[in-house]
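Single-structure report; data block below.
Residues: numbered from 1 along the sequence shown.
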Amino acid sequence: MNPYYAVYFGGVSEFSSIFLCISQLFQYYPPSSFGISSTSPILHTLESFSQAMFVLTFFAFRIVGWAIYGYMFVKDGMNILRNGLIQKFAPGSTWFLLYLMSMVPLLGALQLYWLGGIMEKLTEIHG
C-alpha cells in the first residue's frame with residue numbers, strides 16, 4: 001500500500017514545484033544579468049505562465065489531490081489496522097503506519113498554510 005501512495009505524496013504532489021523553480025529563476029537570475037532585455041515579451045510570458053501554472057497545479061495537486069489521496073490513505077490504513085492485516089504481513093510496523101497516517105493531516109495543514117501565503121502574494125500583485 002505504501003508504494004502506491006508514496007508515488008502521489010512524494011512525486012505527483014511535487015509537480016507544482018517545477019513551475020515554482022522556473023518562476024523563481026527570474027527573481028534570482030534576472031534576464032538583465034545575462035545581457036537580455038528584461039522587457040522581452042517571451043521571457044515575461046514564460047514567467048507569467050510559470051507563476052500561473054504554479055498556482056493552478058499547487059491547488060490541484062497539493063490541496064484537492066492531497067485531500068482525496070489523504071482520505072483514501074487513512075481509510076485504507078484504518079482498514080488494515082482493523083482487520084489485523086499489518087500484523088499478518090508486516091509484524092512490528094504498526095507504529096510506522098500510524099506515523100504515516102498522522103502525517104497526512106499535519107502535512108495537509110502545512111499545504112493550507114502555504115496556500116494562504118500564495119493567496120497573500122496574489123493579493124499584493126493584483127490587489
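Every residue two or more places apart in sequence or in another chain was checked for a ring-ring contact (aromatic ring centres under 6.0 Å, His included) with F26, and none qualifies. Qualifying ring-ring contact (aromatic ring centres under 6.0 Å, His included) partners for F15, counting only residues two or more places apart in sequence or in other chains: F19, F61.
Placement of Y71 and Y5 in two distinct hydrophobic clusters is found when ILVMFWY residues are connected by side-chain heavy-atom separations under 4.5 Å, directly or transitively. Grouping the Ile, Leu, Val, Met, Phe, Trp and Tyr side chains by contacts below 4.5 angstrom, directly or via other members, places M101 with F89. I42 and I22 fall into different hydrophobic clusters, where Ile, Leu, Val, Met, Phe, Trp and Tyr residues are linked whenever their side-chain heavy atoms come under 4.5 Å apart, directly or through other members.
The neighbour count for Q27 CD, taken as heavy atoms of other residues, nucleotides or ligands under 6.0 Å away, is above 12.
In this structure, the side chains of R62 and S17 come closer than 4.5 Å at one or more pairs of heavy atoms. In this structure the side chain of F58 never reaches within 4.5 angstrom of the side chain of L20, judged on heavy atoms. Using a 4.5 Å heavy-atom threshold, the side chains of M72 and Y4 count as touching. Residues F54 and I118 meet the side-chain proximity criterion, which asks for heavy atoms closer than 4.5 Å.
With hydrogens and angles ignored, the 3.5 Å screen pairs a side-chain donor or acceptor of W66 with a backbone N or O of V104. At least one donor-acceptor pair closer than 3.5 Å links the side chain of N83 to the backbone N or O of N79.
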(message) Assess the residue pair I18 and T57 against the criterion (side chain to side chain contact (heavy atoms under 4.5 Å, CB included)); give the C-alpha distance rounded to whole Å, side-chain angles, the decisive distance to 0.1 Å, and a yes or no.
(response) CA-CA 10 Å; I18 295 168; T57 57; over 6 Å; no
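Going from atom CG of L115 over to atom CG of L122 covers 9.0 Å, rounded to the nearest 0.5 Å. For the atom pair CD of Q51 and CG of L56, the computed distance is 12.0 Å after rounding to the nearest 0.5 Å.
Using bins of under 30°, 30° to 60° and over 60° for the plane-to-plane angle, the ring pair Y8/Y69 lands in the parallel bin.
Listed by first then second residue, pairs satisfying side-chain hydrogen bond (donor to acceptor under 3.5 Å, both in side chains) with a partner in residues 85-103 read Q87-T94, not counting sequence neighbours.
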